[in-house]
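Below is one structure, written out as C-alpha cells; the observations come after it.
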Protein chains: 2
Amino acid sequence: MDLTERKLKILQAVIADFVRTAEPVGSRTISKNYELGSPATIRNEMSDLEELGYLTHPHTSSGRVPSEKAYRLYVNEMMGKTELTQEQKDAIARDLYSNVTEFENLIERAAHVLSEITNLTAFAISPGKEQDKLKYINLLPVDERTVILMLVAESGEVSNTAVHLDKPASEDTLRILAKNMTYNYSGKTLSEALTIDIIKTFKADAEAMAMFEHNIAPSFIRTLEDMLNVNLYMDGLTHIFSLPEYNDIEKAKTFFELVSRKQDIMQKLNSREDGMIITIGGENEDEELSDCSVITATYHVDGRLVGKLGVIGPTRMKYGEVTSVVEYLTDNLSKAFRLTEGDNDD
Amino acid sequence: MDLTERKLKILQAVIADFVRTAEPVGSRTISKNYELGSPATIRNEMSDLEELGYLTHPHTSSGRVPSEKAYRLYVNEMMGKTELTQEQKDAIARDLYSNVTEFENLIERAAHVLSEITNLTAFAISPGKEQDKLKYINLLPVDERTVILMLVAESGEVSNTAVHLDKPASEDTLRILAKNMTYNYSGKTLSEALTIDIIKTFKADAEAMAMFEHNIAPSFIRTLEDMLNVNLYMDGLTHIFSLPEYNDIEKAKTFFELVSRKQDIMQKLNSREDGMIITIGGENEDEELSDCSVITATYHVDGRLVGKLGVIGPTRMKYGEVTSVVEYLTDNLSKAFRLTEGDNDD
DNA sequence: GTTAGCACTCACAAGGTAAGAGTGCTAACA
DNA sequence: TGTTAGCACTCTTACCTTGTGAGTGCTAAC
C-alpha cells in the first residue's frame, strides 16, 4: 500500500497548509500553490488518501484535514531534518546561558527558551537522581541544640536540613556520628541508602545512638527523599491561547487543569523512554492528551542521570522545527553538565 | 450624604445577589427576597443609589450592578466579620500542616489551601530576608579542589554553594578563611553583608587571600543574593475559568499573561504595606488589575521577616469570607514560624 | 489518466422577529 | 409625603430564515 509520489506530495502539501493555517485545506488551494494538477485531479487523489485513512473530512463540503496516521507518516518518513542555521543556534545558546548560575536554573531556562522559540508549552524535568551516589555526610553544630545535616552527592548536589535535637550534643558526638554515617553510606546510591536499615548499621554509644535514632535518622530519610525528588518546570502556558484549537474556553480550561496537576504530568512524561519520542494524538495513552502531540527528549548529567525536555502542543505542529530545537537544547544541556563534571576532575 | 437605613439594606442586598450570581440584579428580585418594599419603591431607591454612584446600569433595561464605590463602602462599613466555625478552622489547619516538612513548603501550602477554600487565585510570597542576619559561615572540603560554602542565617535558613578552586587548598587555609568570614560577617544583615567591601575586610596570607578573592568571594556574593531572593507561589489559577467574568477568552488570556509575569506580580504585590489590604478594581494602580480586587495580608517570621499572602479575584468577591480565611492563615503562619523560632531558645 | 462543469452540501454571517427582564414615569392611594 | 400599581418603553437574547461561499462528488469530455 505504498503511496504514489503524487499522493505523497499532496499529503505533504495538505499537512503543510493545515499546520500553517489550522483550516481544512481544499483542492483548489493545493492546485494553485503546488503545481500538482487541476483541482479535480487533486480531489480524486484526496479522496483516495481519505479512503486510505490519511485525510479526514470534518463535513461534506469542507476541505481535508490530516489524520493522526498522516502525521505519523510525515514524522517517520517525510519530515526533513530542519537544520538550524548558525545564527539560530547562537541565539539559542545565548538565551540559554544568559543569567544562569546553577544546575536547576539552567534546566528551567531551557524550558523557557524552548517555549519561546516554538511558541508552544514547554517543560523540563530535572534528572532523576536514583543513580546519584552519596559522597559524604556531615553534621555541623549551629547552636547547642541545632545541627545541620549535610549530604553531598557525587553529582555535586548538596542538601542540608536543620535538625533540632532533644538534648545538647558535643562536637565529638557529632563527629563520630557523621563519620559513621559517611562510612556506611558513601558510595551508595540515594535509593540504596533509603533501603538500608538505618539503625542497625550503627555502632556507637547509647546516647549517640538515641540521638541518631530520634533526631537525625528521620531528617536523613526526609532529606534523601527530597534529593530524589525531580522538579518539573513548565513555561509558555499562555501560548495555547494563540492557537485556534484552544479558542474554545472549555478546551483551554481542560488544558490548564491538566498541566496544573504537576505530579500527574511529571509521572506521565517522566515514564517515557530515553531518546526523542514523539506521540501524536491518540498515541498518548492519556485521554486528556488525545488531541495533543507530545515531544520529549532526554539529556544526561555525567552520563548517568537522565532528565527530560519537551513540548506539548496541538497535533498540528511544526514537527521538523520543534524536534530540531529540542535536539539542539538537549545536546547543549548534556554538554553543559558534562563540562561541569569534567571541571571537577582536572 | 449618609444613606438611609433602607438604602443601605438595598445596597447590601444588591451586592449579595450580584456576588452570588454575577448577573445584574433587578428590583423585583430584591423585593421578593428581602421584604424591603415593592419593586417600584426599590426602583426609586435604586435610582437614588445610582445617582449617588453606588450602582450602575449596564444598559437601560437591565438590573443594577454595584460600583467600586459600593464595594468600598461594603468593605469599610457593612462587611460583618465572618467568624470561621471551629470545624472550618480545624479543616484549614489540617490541610495547612499536612504534608509539610519545611519553611518554604508551608508557605506554598498556605497558598494552596487559600485558593481551594476561596475558589480564587491565591498567592504567597516568602519573607523578604533583608533583616535576616548571618550567623556563621563555613567552608567544607569536598575534594581537593571543591569546597562547599555554607551560610547559616539566624532565621535558621541555610544555603550552600559548591565552589570550584583554582588550586588545592589545605584544610587549615579553609578553616582560617571561614573563621575570618564568620568574624567579619556574623551579626550583619544579609543586605549589610552585601555592601561591605569584601576584600578589604580580610587579613590572611597572600595565597589564602588570592583564593578568597577569586574563588570564594564571587560565590559568597551570589549566595547572599540568592538568600535575599523571595519566592512567589501561586495556586488555583484555573479557578478563574469558573468565573463568568472570564468566560471571554481574551480576558482569560490577559489574566494568565499577567500572572505568568511572576517578577512583575511579585514586585507589585510585595510593595504593598503591612497588614490586611484590600484594593478594589481601579484602586489597583495597575491597569491590568483594574477589574480585579486584590487582598493581601502579611505574616511574620520571628517578628521580623515579613511575607505576604493573598488572593486575586473579580471585584465581585465574597470579601467577608475571604478576609477571614486570609487572616486565619496569616495568623497560623506567624504562629508556626514563631514556634520554630521559640523552639530554638528553650 | 486528467480535466471541466455542474449539482449538491454544509458552515457561517446577516437580518428579522418574538420573548423576557427590567426600567422610568405617572397617577392613585394611605 | 412616602409607597405602590400599571403601563409604555428599552434593550438583550435566543431563534429562525436566508443568502453566500467554499468545497466536494460525480459525470462526461478530452
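Naming convention: chains lettered A, B, ... in sequence-line order (proteins, then strands); numbering from 1 in each chain.
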Query raised in the report: Nearest nucleotide by nearest heavy atom, which residue falls closer to the 5' end of DNA chain D, B/Pro58 or B/Arg6?
Result: B/Arg6
Query raised in the report: More than 12 heavy atoms of other residues, nucleotides or ligands under 6.0 Å from NZ of B/Lys268: is that the case?
Result: yes
Query raised in the report: How do B/Arg43 and B/His59 order along DNA chain D: which one's closest nucleotide is nearer the 5' end?
Result: B/Arg43
Query raised in the report: What are the residues of residues 7-36 of chain B, sorted by number, that bring a heavy atom to within less than 4.0 Å of DNA chain D?
Result: none
Report task. In whole angstrom, give the distance that lies between atom CG of A/Asp48 and atom P of D/dT24. Result -> 14 Å
Requested in this report: Check whether any side-chain nitrogen or oxygen of B/Thr41 sits under 4.0 Å from OP1 or OP2 of D/dT4, and answer yes or no.
Outcome: yes
Requested in this report: Measure the distance from NE2 on A/His57 to C1' on D/dG23 and round it to the nearest whole Å.
Outcome: 8 Å
Query raised in the report: A/Asn247 has an atom CG; how far is it from atom C1' of C/dC12, in whole Å?
Result: 16 Å
Query - N/O donor-acceptor pair, side chain B/Ser61 with base D/dT10, under 3.5 angstrom - result: yes
Query raised in the report: In whole angstroms, how far is the P atom of D/dA22 from the CD1 atom of A/Ile42?
Result: 18 Å
Query raised in the report: Side chains of A/Arg6 and A/Thr41: donor-acceptor distance under 3.5 Å anywhere?
Result: no
Report summary line: Between CD of B/Glu45 and P of C/dG24 the distance, given in whole Å, is 13 Å
Query - Exercise: identify the closest heavy-atom pair between B/Pro39 and B/Ser31 - result: CD-OG, 3.3 Å
Query raised in the report: Would you say a side-chain N or O of A/Thr60 is under 4.0 Å from OP1 or OP2 of C/dC10?
Result: yes
Query raised in the report: If you take atom types as modelled and just measure distance, does the side chain of B/Arg64 reach the base of C/dG24 with a donor-acceptor pair under 3.5 Å?
Result: no
Query raised in the report: Crowded around A/Lys7 NZ? As in, over 12 foreign heavy atoms under 6.0 Å?
Result: yes
Report summary line: By the Watson-Crick or G-U definition, both distances under 3.5 Å, D/dT27 is matched with C/dA4
Requested in this report: Decide if atom CD of A/Glu257 counts as having more than 12 heavy atoms of other residues, nucleotides or ligands within a radius under 6.0 Å.
Outcome: yes
Report summary line: Note: for B/Asn44 and B/Gly63 on DNA chain C, the residue whose nearest nucleotide lies more 5' is B/Gly63
Query - Nucleotide of D/dT24, C/dT23, C/dG24 approaching A/Met46 most closely (side-chain heavy atoms) - result: D/dT24
Report task. For atom CZ of A/Arg28, decide whether the heavy atoms of other residues, nucleotides or ligands shown that lie under 6.0 angstrom number more than 12. Result -> no
Query raised in the report: A/Phe241 and A/Phe255: ring-ring contact (aromatic ring centres under 6.0 Å, His included), yes or no, with the steps?
Result: CA-CA 11 Å; A/Phe241 286 116; A/Phe255 182 84; 9.1 Å; no
Query - Pairing partner of D/dC11 (Watson-Crick or G-U wobble, both distances under 3.5 Å) - result: C/dG20
